[in-house]
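Working notes, beginning with the structure itself.
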2 protein chains.
Amino acid sequence: MARGDARGTTGAGRGRRRTERPVPEGPPTLATVAARAGVSRQTVSNAINNPALLAEDTLAKVERAIADLGYSPNLAARTLRTRTTRLIGLPFEPAQEGTANALMDRFVHTLVEATREMGYHVLLFASDPEEAEVGYERMLRSTAVDAFVVTDTYRGHPQVDYLQQRGALFVAFGRPWSHDDDGEPPTHPWVDVDGAAGVAQATHHLIDRGHEVIAWLGWTADQPIGEDRRAGWMSAMRGRGLSTTRLSVRGDGTMEYGRRATHALIDARRPTGLVCVSDTVAMGAMRALHERGLVAGRDIAVTGFDDSQVAQTVSPGLTSVRQPLEEVARALAHRLELLLGHRPVEEPGLLLQPTLVVRESS
Amino acid sequence: MARGDARGTTGAGRGRRRTERPVPEGPPTLATVAARAGVSRQTVSNAINNPALLAEDTLAKVERAIADLGYSPNLAARTLRTRTTRLIGLPFEPAQEGTANALMDRFVHTLVEATREMGYHVLLFASDPEEAEVGYERMLRSTAVDAFVVTDTYRGHPQVDYLQQRGALFVAFGRPWSHDDDGEPPTHPWVDVDGAAGVAQATHHLIDRGHEVIAWLGWTADQPIGEDRRAGWMSAMRGRGLSTTRLSVRGDGTMEYGRRATHALIDARRPTGLVCVSDTVAMGAMRALHERGLVAGRDIAVTGFDDSQVAQTVSPGLTSVRQPLEEVARALAHRLELLLGHRPVEEPGLLLQPTLVVRESS
DNA sequence: CACGCGGCTTGGAACGTTCAACACGGACCG
DNA sequence: CGGTCCGTGTTGAACGTTCCAAGCCGCGTG
């Protein structure tokens, strides 16, 4: 051991006195760089965090040393000192197989990308939907993350209330669904996709193709997202003066539901267009058509929602509403950046427009 | 500044003069708990990390204080001291839309769950496949993670070599594909799914149903995974004394490839069974059948690989090989646990068996 | 010429934890 | 009976970074 005074010294004197410094084990530190550049620790720190403070030549010298040694700051030490982890927590719910989890892949990926550009990383953590607070609380108390991205504001989302009164920083994928039991409505930043507008697009698309009897296959009425989408169908129909009576069906989102509902609708109302709340339901509808010897797109038009892998692959291709998940992720990242910089978020809520991907089914 | 003696003191004198105590801002620390329990810092630390060292009543006292204050250790401080982040890095490649990314959801979720049970979290980071080393290097130098889970050992995986000679800890989803240009073969822990066995199952399934002319629709020959699966078809056919000549086709994995190849095969060889390297290719095959007025499962049997959402949803349902991704994740987590505990991994490699999910297409 | 000031740099202290070394009483052993 | 060891608990010192107050220098100003 006894590594001598500094790594970068030209070995002029080599008069290393005593057992001063232990082996260079491990990555270089601020002190290592400072010794090499001939400045103090703090100056190196400034070179990294506040380069404007340094004189030009000093900065160059330090940067040179940093590059030579391949130094990067120890995150733990920085975290300890600044109380900032540069980590974003993303709760990861138990995957419900068969639903739209594939979508999340697009979303998560862009989120990782966007947060990386602002110097942050994404930390996954399991969140038991029953006891969601437990997971969040542990994260907060151990100061493991700086902020959260909440993605499941859907079903009643107690997390949002909890986080808000806990004073935690977070942004939400999903608007605050009118939740005014007590006190003011939530004011956290959020980004969402305008489902109603997407479904309205799909409905208009069918109307433009000459359809007049267009049915809605939705989710149960307790799901705000489903009701939002339904409103899009409703307004599109009314806007063009078309009747909606006995054309709206609700149920769980399964394929089997879609299949049966379609059979029932055809028997009762002979619709020529089916606007569905999800691709899964739309697939059920297409199966029902198939069972009757009908062809989607020729005999009856069908549209879905999510532009899932299935919609893209199935034959005939399923017309579907595609959410701009990449944009959502980027917008959320931007809000996070403001939030973390303690700057005001000028416009907390943002509603993005989805696009209609037209395929053979319509 | 001058944080005073301890937070837990009963305010006997209340003689706090001026600007003495800066409010107990922030979460409780070891010292807070220690004061409350009437023991030293270190004793509290031991209560958490090494409870066996404490006397029974002391332990109870400390645990009581911990619960009362709702204390959890500051991770940054612990990391700084122990050089252990309790984080696992998971590189997140640019999603290639349309391929089997939905699978990863199942995998990632179980991984999060399993690592949580061992007290670890999963950290996502973007990894440019071109410059993979950069991402890993940054993670390592800033001591951001303790280990990696590498999932893309597929195409040439330079990462594995790099990590190995860098001395980094990691486990791989995917076996080391015989890579012996120089030096010994990689010896890192890995878990993989026996694709050949899966395809052999599918092939046997078709043979048992009376099929004799069974074709293979694979990927290009440079993809080890594809060739592995192909070997399963080949061995199953030969094992039952069936010919394979002019029944094997290779190409990119697109639906269009599957469609064309199927048309060509039917014209040339009139197969009654099609074993496909992926669900996507199988969907192309089914489309070709449809175009010829044939029905999958009645006229010609088709099998896929991955048991994707599409296979489950499409009509007729697609028979497919399902990978035990949950088991893979758990096995990897277990290996990580050994690796991180510096215990020897008795059996570094593990090959898991997939299962065949039979549906109407066969 | 003393003084103040701004630009640049510096050493000391702190963040909260764990490691190393050691103190203390009692039991065990030669 | 003296030494050693075990069980239990304590204190000081690190880990690598950033904040704070202060130092140094040259220069313009009263």
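Keep in mind that the numbers below use all heavy atoms, side chains included, and drop hydrogens, waters and symmetry copies. Since the model is a prediction, treat every value here as computed from it, not as a measurement. Chain A is the first sequence line, chain B the second, and so forth, proteins listed ahead of strands; every chain is numbered from 1.
Residue B:E56 contributes atom CD, which lies 14 Å from atom C1' of D:dG7 at whole-angstrom precision. To the nearest angstrom, P of C:dG7 lies 10 Å from CG of A:L53. Note: CG (B:D57) to P (D:dG7) measures 16 Å, nearest angstrom. Between the CG atom of B:L75 and the P atom of C:dT18 there is a distance of 10 Å, given to the nearest Å. The CG atom of B:L30 sits 14 Å away from the C1' atom of D:dT11 (whole-angstrom rounding). Residue B:R86 contributes atom CZ, which lies 15 Å from atom P of C:dT17 at whole-angstrom precision. If you measure from atom CG of B:L59 to atom P of D:dG7, you get 16 Å, rounded to the nearest angstrom. One atom, CG of B:N46, and another, P of C:dT18, lie 9 Å apart when rounded to the nearest Å.
Counting atom types as modelled, A:R78 pairs no side-chain N or O with a base atom of D:dT17 as donor and acceptor under 3.5 Å. Remark: the A:R83 side chain and the C:dG16 base include no donor-acceptor N/O pair separated by less than 3.5 Å. Under 3.5 Å, the side chain of B:R81 and the base of C:dT17 form no donor-acceptor pair of N or O atoms.
Under the 6.0 Å cut-off for aromatic ring centres, A:Y120 and B:F125 do not qualify, their centroids lying 6.0 Å or more apart.
Candidate nucleotides C:dG16, D:dG9, C:dT10 were compared by shortest atom distance to the side chain of A:T43, and C:dT10 ranks first. Distance from the side chain of B:N74 is smallest to C:dT17 among D:dG16, C:dT17, D:dT10.
Looking at B:T151, its side chain never comes within 3.5 Å of a backbone N or O of B:F173 through a donor-acceptor pair. Side chain of A:N74 to backbone of B:S142: no donor-acceptor contact under 3.5 angstrom is found.
Counting any heavy atom pair closer than 4.0 Å across all strands shown, A:L54 reaches sugar-phosphate atoms only and no base atom. Contacts of A:T82 with the nucleic acid, taken as non-hydrogen atoms under 4.0 Å apart, involve only primed sugar atoms and P, OP1 or OP2. Backbone-only engagement by B:T58 is indicated by non-hydrogen atom pairs under 4.0 Å involving sugar-phosphate atoms exclusively.
Taking only side-chain nitrogens and oxygens, A:S40 comes nearer than 4.0 Å to OP1 or OP2 of C:dT10.
A residue-by-residue look at A:Q42 and B:A77 shows that B:A77 has its nearest nucleotide of DNA chain D further toward the 5' end.
Between B:L124 and A:L123 the shortest side-chain heavy-atom distance does not fall below 4.5 Å.
Taking the six-membered ring for Trp and thresholds of 30 and 60 degrees, A:F92 and B:H109 have nearly parallel ring planes, at less than 30 degrees apart.
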